[in-house]
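Written below as structure tokens is the structure these notes are about.
These numbers were taken from a predicted model, which means no experiment stands behind them.
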Amino acid sequence: MERETIRKIIIEGQEFINEITLVERPFFFEKNGNYVFVGIRQAGKSYLLYQRIQQLIREGHSIEEIVYINFDDERLRPMNAADLDLILQAYASMFSLHPILFFDEIQNIEGWENFARRLSNQKYNVYITGSNAKMLSREIATTLGGRYWNAHVYPYSFPEYLKAQGITLNPNWMYGKQSAEISKTFNEYFSFGGFPELVNVIAKRAWINDIYSKIFFSDLVVRNKVRNEEALGLLVKRLAEGVKQPVSHTRLSNLVSSAGIKISKATVIDFIRYLKESCLIFPLENYAAKFAERSSNMKYYFIDNGLLHIFLTDANTSLLENMVAIQLYKKYGDGVYFYNQNIEVDFLVPEQKKAYQVSYSLTDESAYRREVEGLLKLNTVFPMKDMYIITRDEEQRIIHESGVTIEVTPIWKWLLSDDLA
């Protein structure tokens with residue numbers, strides 16, 4: 001690795017940052033805090049780095065203090081952990097300042113965490129991003145020794161998506177002309193998801209297909225040295241098709257093998273781990289299951305509706321449930337479950353005493369009865385503070401004869417509500 005190449009990359013980074021126009025995201029940075037941001041590709045991790053750099057410049061720091069390195073740069077491919085110190089050496093050969101360091105997609109360098117720990121020990125201010133949840137593993141956290149704040153970065157929420165579109169909600173917007181604009185914008189968000197760069201793209205499905213291909217080959221196949229690409233691809237498709245249903249590793253093995261591509265349960269377990277580490281999917285456990293059995297029969301959701309949509313034809317009900325899962329997972333993390341033991345409830349947040357059913361419409365009497373009875377039965381086992389049925393467009397308040405209240409709320413309104421603030 002040549003120091004001259006790194007000098008060039010540092011200067012290019014400084015020039016690049018000066019030209020960026022941002023839609024700032026609601027993230028609070030601790031003063032002098034060091035951060036590791038993790039999330040799926042194109043979720044906006046890099047833009048959080050740019051946002052922080054621009055904040056620091058507004059606070060009086062010079063652009064010459066900034067070192068921004070993107071490790072996806074092909075010129076850095078020969079670099080290994082032993083070469084990382086060349087960044088400090090290259091900077092010191094050009095400037096006599098104490099740099100603030102921004103390292104994008106650093107997971108490409110195996111062993112990066114030891115370098116990151118040393119930088120913290122030497123009182124550097126460091127911001128790191130990566131597209132692999134393994135960066136937040138216990139092993140790496142132990143190496144970093146509590147010196148970094150860990151933060152998950154997700155694609156835009158619906159309020160952020162509106163902001164990126166230049167839409168500011170007026171008071172009582174839902175009763176005026178603006179409601180039509182919000183409805184149209186939500187239809188796009190519902191179908192194509194919230195990747196920041198997608199906002200101004202016309203050919204949205206093609207863009208999502210392209211980003212999925214990059215995730216599949218770079219973050220799954222190449223990174224994990226997967227030999228049976230066809231089996232992995234079919235597994236992702238089967239997970240998408242069954243996104244609303246709990247499924248075991250054995251069942252997934254059988255589903256893939258039935259298509260003529262033999263795959264063992266052990267390989268399914270490995271593939272699921274790769275998918276979670278790439279931040280493509282996230283699992284929810286059955287709260288009603290015994291603790292030792294919770295990980296054997298889980299629901300799997302996609303981190304963005306756009307990524308799920310490319311696998312489905314009749315997608316509406318799956319997209320609705322997936323979107324509710326995303327928002328609850330972003331807010332409550334591993335504190336979200338489903339409940340399935342004589343009672344079926346789509347989502348349960350035990351610590352908050354909140355339960356959610358998801359139904360595209362309640363106009364069908366059997367759907368109405370199923371969703372309401374599920375919540376009422378759950379409430380007799382675990383008394384709930386709040387119970388919701390999230391629909392596509394319907395709204396009402398159900399007051400049961402027992403005195404229990406269930407709020408029926410349209411998804412677009414729920415996404416803008418204080419419940420998710």
Side-chain angles (χ1 to χ4, degrees), residues 40-43 154-158 161-162 182-199 201-216 232-247 251-252 255-256 259 275 278-284 298-330 336 338 344 346-347 356-364 366-367 370-371 388-394 408-415:
I40 196 166
R41 279 181 182 265
Q42 300 295 325
Y154 300 95
Y156 280 155
S157 65
F158 187 45
Y161 192 82
L162 290 174
I182 302 304
S183 177
K184 177 181 180 297
T185 306
F186 177 73
N187 289 339
E188 293 180 356
Y189 181 72
F190 183 75
S191 295
F192 299 111
F195 283 108
E197 288 193 17
L198 188 63
V199 170
V201 172
I202 296 174
K204 295 185 186 298
R205 181 175 286 273
W207 188 94
I208 294 169
N209 274 304
D210 182 61
I211 196 61
Y212 172 70
S213 295
K214 290 177 182 175
I215 293 167
F216 185 84
L232 177 59
L234 187 55
L235 175 65
V236 176
K237 190 173 190 301
R238 292 291 179 259
L239 287 172
E241 292 169 345
V243 75
K244 296 180 293 182
Q245 302 299 325
V247 64
R251 173 66 175 158
L252 286 170
L255 285 171
V256 175
L275 292 169
S278 72
C279 305
L280 180 65
I281 66 170
F282 59 93
L284 295 186
M298 307 176 80
K299 283 187 178 183
Y300 297 94
Y301 294 95
F302 284 64
I303 203 65
D304 184 81
N305 261 28
L307 290 167
L308 172 61
H309 198 183
I310 61 176
F311 295 100
L312 304 176
T313 49
D314 185 15
N316 284 336
T317 57
S318 294
L319 290 176
L320 181 63
E321 183 165 327
N322 194 74
M323 182 160 281
V324 174
I326 291 168
Q327 304 308 318
L328 291 174
Y329 186 73
K330 284 166 66 174
V336 184
F338 69 95
E344 292 188 18
D346 294 324
F347 302 106
Y356 301 80
Q357 296 281 51
V358 180
S359 180
Y360 199 81
S361 173
L362 293 178
T363 54
D364 180 77
S366 62
R370 180 182 64 249
E371 308 301 356
Y388 300 87
I389 300 175
I390 308 299
T391 67
R392 181 59 175 83
D393 289 301
E394 295 162 19
V408 180
T409 307
I411 179 70
W412 49 267
K413 188 172 182 180
W414 180 67
L415 292 175

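- In this structure, Glu197 has no salt bridge (charged side-chain N to carboxylate O under 4.0 Å, His left out) partners at least two apart in sequence or on a different chain.
- Between Ser359 and Leu362 the shortest heavy-atom distance is OG-CD2, 3.7 Å.
- Side-chain contact annotation: Ser361 with Glu394, donor-acceptor N/O pair under 3.5 Å present.
- Within 6.0 Å of CD in Glu344 there are 12 or fewer heavy atoms belonging to other residues, nucleotides or ligands.
- Note that CH2 of Trp414 is 9.5 Å distant from OG1 of Thr409, once rounded to the nearest 0.5 Å.
- No side-chain heavy atom of Glu371 sits less than 4.5 Å from a side-chain heavy atom of Val408.
- The distance from the CD atom of Gln327 to the OH atom of Tyr356 is 11.0 Å, given to the nearest 0.5 Å.
- Residue-environment remark: CZ (Arg251) stays at or below the threshold of 12 foreign heavy atoms within 6.0 Å.
- Within the model, atoms CZ of Arg41 and SG of Cys279 stand 11.0 Å from one another, a figure rounded to the nearest 0.5 Å.
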Evaluate the criterion side-chain contact (heavy atoms from CB on, under 4.5 Å) for residue pair Phe282 and Ile326; output intermediate values, then yes/no. CA-CA 9 Å; Phe282 59 93; Ile326 291 168; 4.2 Å; yes
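- Taking every heavy atom of both residues into account, Ser191 and His309 meet most closely at O-ND1, 2.8 Å.
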Listing, residues 298-308 side-chain donor-acceptor contacts under 3.5 Å, not counting sequence neighbours, or none:
{"unit_1": "Lys299", "atom_1": "NZ", "unit_2": "Lys244", "atom_2": "O", "d": "3.4"}
{"unit_1": "Lys299", "atom_1": "NZ", "unit_2": "Glu321", "atom_2": "OE2", "d": "3.4"}
{"unit_1": "Tyr301", "atom_1": "OH", "unit_2": "Glu321", "atom_2": "OE2", "d": "2.6"}
{"unit_1": "Asp304", "atom_1": "OD1", "unit_2": "Gly194", "atom_2": "N", "d": "2.8"}
{"unit_1": "Asp304", "atom_1": "OD2", "unit_2": "Gly306", "atom_2": "N", "d": "2.9"}
{"unit_1": "Asn305", "atom_1": "OD1", "unit_2": "Asn322", "atom_2": "ND2", "d": "3.0"}
{"unit_1": "Asn305", "atom_1": "ND2", "unit_2": "Phe190", "atom_2": "O", "d": "2.9"}
{"unit_1": "Asn305", "atom_1": "ND2", "unit_2": "Leu319", "atom_2": "O", "d": "3.1"}

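- For the atom pair CD1 of Ile215 and CD1 of Ile211, the computed distance is 5.0 Å after rounding to the nearest 0.5 Å.
- Residues Phe347 and Gln357 have side chains not in contact (no heavy-atom distance under 4.5 Å, counting atoms from C-beta outward).
- Atoms OH and OH, on Tyr189 and Tyr161 in that order, are 9.0 Å from each other to the nearest 0.5 Å.
- Taking every heavy atom of both residues into account, Arg392 and Asn187 meet most closely at NH2-OD1, 2.5 Å.
- Between Ile390 and Val324 the shortest heavy-atom distance is CG2-CG2, 3.8 Å.
- Looking at Lys237, its side chain never comes within 3.5 Å of a backbone N or O of Phe311 through a donor-acceptor pair.
- Residues Leu280 and Phe216 fail the side-chain proximity criterion, which asks for heavy atoms closer than 4.5 Å.
- Among all heavy-atom pairs drawn from Ile310 and Arg205, the shortest one is CA-NH1, 3.5 Å.
- Of all non-hydrogen atoms in Arg238 and Leu255, the two that sit nearest each other are NE-O, 3.9 Å.
- Proximity of Ile40 to Tyr154: side-chain heavy atoms (C-beta onward) are nowhere separated by under 4.5 Å.
- With rounding to the nearest 0.5 Å, the separation of CZ in Phe192 from CG in Leu198 is 8.0 Å.
- Using a 4.5 Å heavy-atom cutoff, the side chains of Leu252 and Leu239 are in contact.
- Asp210 contributes no side-chain N or O that, together with a main-chain N or O of Ala206, makes up a donor-acceptor pair within less than 3.5 Å.
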